[in-house]
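Single-structure report; data block below.
Numbers restart at 1 for each chain; the letters A, B, ... are given by sequence-line order, proteins then strands. Side chains included, hydrogens not; waters and symmetry mates left out as well; all remaining heavy atoms used.
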Amino acid sequence: MPDYTLRLRRYSPETGAAPYWEDFEVDLDGHRSVLDGILQAKDRTDASIGIRCSCRAAICGSCGVRVNGKPVLACHIHLDRAAEKAVGGIIMVEPMGNMPVIKDLIVDMDAVHWKKMQRVTPWLLPAGEEPEREYIVAPESMIDVTQTMACIQCGACVSDCLSMEVDPLFIGPAALAKAYRFVGDPRDGQQFERLRDLAEDPHGIYDCTHCFNCIEACPKGVAPMSQIMRLRRIAGADHEIDDRNNGHRHEQAFVDNIERNGLLHEADLLPDSYGGKFHPRAVPELVGSLPVILKALRTGKVTPRKALLHGHKASEDVKRIFKHVHDKEERLELNLYVAGEEQDPGESSAQADAAGSHLPEERSPNT
Amino acid sequence: MKVAYWPGCVSRGFTPELHGSMAKVAPLLDIELVELDRACCTGAGVIAEHNQELADTLNARTFALAQQVEGAELMMNICSTCQGAQSECQERLDANTEYRDHVNETLAAEGLNYKKGIANKHFLWLMVEEIGLDVVASKVTRPLTDLRIGPFYGCYIVRPTDRLGIDREHPRDTYLQQLIEALGGTVVDYAGQYKCCGFPIITMNKQASLMQAGRHLGDALDADADCLVTPCPLCHLNLDLQQPLAEKVVGRPLGMPVLHLPQLVGLAFGVEPKELGLTRHVVRPTSVIDWSTSVVAAVAAG
């Protein structure tokens, strides 16, 4: 049987010693999982290796770790594929990021992940009087939230969230995806309140830096970042929540800027995002940016002409598209998680009508 | 080769040296650029955040304009954010005929129609996949010997991997390293190379945004990089234009030059730093300019 080397990150806070790497040889077939490898090392070599796991079938979400620097479920990645991507063939296994380590590969999910989950009121707040029996909704009205309901709470997205890395208070991808699960639920009566809360929080929906790490990390295709964008869309367009973080104003300023100019006019975007050049909110920001602006002028990067005028104007065709789409009563959204991709190229789509019955396959375990 | 060329907004706005250096480098690689001057901004993800159909229609229009360019083999861009925003829209447009037809109905008013399956490649991908790194290497007249270069990919050109076509056959998340080596430079491995520059939240959470930029620049400094190279002008804004402010947030001097991709290529092809607009950066790329003059001096002395 082939041999694989696992290099595990070991750490026991109570010993006072610094974390260190330790290598373990395992003999298992390549199609067995990295988790199987860790468990063999634990069984045969060192029973003190700390790893949390349960179902071994990518359902329970317990064994989130980083393999070769990427967040995965240890049970959901084959040894041969992991070794292929490993530097020198040595499979590196580390605890997840953005959460404190309890021991070895076990992180404190309570301290970060579950606390943030609590933050978004993850239960239904229905409107009106309680019905005699259960709340009844049309099944198709729930399809929209199935994507966020696929979450298994493994924390892989939290582990690699780049906003949380610099702002630990950020509510984060998993919890915000959960927030959408209730914002998008037709039974919930507090959509506006939920959104206002998440938009006004300096560490809420507008703190996401749009880096796609959570989309890449999720083993279940939840695409937390896409859910955050939907929260922003509904907060801004449907409820017109003008948050204190300039989130909605920035989005609006950007869209207006392109509608007007066709190409982005950066010099207008910054002040407009704060409410306009002469808005009290914009003044300190612009004063703070002055040294940067002056430096850019000095190097010739930006010319006064470019800063003040914008040569390009949107064509009538571009303006017509903006107007045409904005005039529609409903926003059209194509969620490929729900609609799926056409199997037969060129044929017209039946999937969109049969939404829900054509969920795409789960992400391949090794990509 | 002839390409329908989408330069984006920022390359003609606050980072004019990107568009300029691309124009210098293209003929050296026998690329004929046919600029899509009627196209508009990709939306950089923000228009899609505001209204998906609007972003998809605007980008379908750009694709349709590109498909009208006679003799063009594909569409090329020089901005990671454009690549990512366009790929997202293309994924939806190509996945569903009914949806594509719906979008095309809007475009029909100006006689345009997007046909499924446009090949849209960033200059980085084009060099590796269409031109070939051996050909690129053969054009090098001033190898970047001893220049320590840190790749800075940013987000939009590497994630999500399936949307961006990154797989075993197309390891697009290694192309910058491969290119640096083909140009004779030394690749610097550091923590921030695939992380976010922080630019998208600069108006919402300035502190977090600048801390991201500052950390990555600091990591590159600690790894002894002479400069960074990025395929994204928006990353360049946060890493170069905002670097003085990032220094304040992370509390350390940085002084890390950041090059646009065509500038690095041009440098190895013997184009003068000034012609490539290197002197227009906020952080003066002194180490790079000194390196280029010392190479010239060495050649003369030899």
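Heavy atoms of A:F322 lying under 4.5 Å from chain B belong to its backbone as well as its side chain. Only the side chain of A:S273 comes within less than 4.5 Å of a heavy atom in chain B; its backbone stays farther off. Interface remark: A:Y206 contributes backbone and side-chain atoms alike to the contact with chain B (heavy atom separation under 4.5 Å). Interface remark: A:D167 contributes side-chain atoms only to the contact with chain B (heavy atom separation under 4.5 Å). Contact annotation for B:D167: neither backbone nor side-chain heavy atoms come within less than 4.5 Å of a heavy atom of chain A. For a residue to count as touching a neighbouring chain, one of its non-hydrogen atoms must lie under 4.5 Å from one of that chain's; by this rule B:T203 touches chain A with backbone and side chain alike. At a 4.5 Å heavy-atom cutoff, B:I166 makes no contact with chain A through either its backbone or its side chain. No part of A:R249 comes within reach of chain B, as not one of its non-hydrogen atoms sits under 4.5 angstrom from that chain. Only the side chain of B:R61 has a heavy atom closer than 4.5 Å to any heavy atom of chain A. Looking at A:D243, there are no atoms closer than 4.5 Å to chain B (heavy atoms on both sides), in backbone or side chain. With a threshold of 4.5 angstrom between heavy atoms, A:H248 does not approach chain B through any atom at all. Only the side chain of A:I258 comes within contact range of chain B, with heavy atoms under 4.5 Å apart. Neither the backbone nor the side chain of B:Q207 has a heavy atom closer than 4.5 Å to any heavy atom of chain A. For chain B, the nearby part of A:R232 is the side chain; its heavy atoms alone come within less than 4.5 Å. Only the side chain of B:E17 comes within contact range of chain A, with heavy atoms under 4.5 Å apart.
Here B:R168 pairs with A:E84 in a salt bridge; the nearest charged N to carboxylate O distance falls below 4.0 Å.
Between the side chain of A:E333 and the backbone N or O of B:Q52, no donor-acceptor pair lies under 3.5 Å. Using modelled atom types, one side-chain atom of A:R233 and one backbone atom of B:E49 make a donor-acceptor pair closer than 3.5 Å. Under the 3.5 Å distance criterion, the side-chain polar atoms of A:R331 are left unmatched by any main-chain donor or acceptor of B:E53.
Using bins of under 30°, 30° to 60° and over 60° for the plane-to-plane angle, the ring pair B:Y156/A:H210 lands in the parallel bin.
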Next item on the list: For the pair A:N245 and B:N205, evaluate side chain to side chain contact (heavy atoms under 4.5 Å, CB included) and give the outcome as yes or no after the intermediate values.
Entry: CA-CA 7 Å; A:N245 305 301; B:N205 188 340; over 6 Å; no

Next item on the list: Dump the intermediate steps for side chain to side chain contact (heavy atoms under 4.5 Å, CB included) on A:H326 and B:H50, then the final yes or no.
Entry: CA-CA 10 Å; A:H326 279 151; B:H50 164 77; 2.8 Å; yes

Next item on the list: Decide side chain to side chain contact (heavy atoms under 4.5 Å, CB included) for B:K195 and A:C211; before the verdict, give the C-alpha distance in whole Å, the side-chain angles of both, and the deciding distance to 0.1 Å.
Entry: CA-CA 8 Å; B:K195 291 188 179 178; A:C211 75; over 6 Å; no

Next item on the list: Let me see the working for A:I321 and B:L54 under side chain to side chain contact (heavy atoms under 4.5 Å, CB included), right down to the final yes or no.
Entry: CA-CA 7 Å; A:I321 292 174; B:L54 180 59; 4.0 Å; yes

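With values rounded to the nearest 0.5 angstrom, A:D317 atom CG is found 7.5 Å from B:L112 atom CG.
At a threshold of 4.5 Å between non-hydrogen side-chain atoms, the residues A:V318 and B:L58 count as touching. For the pair A:L162 and B:Q212, the minimum side-chain heavy-atom distance is below 4.5 Å.
Scanning both residues, A:F254 and B:G43, for their nearest heavy atoms gives CE2-O, 3.4 Å.
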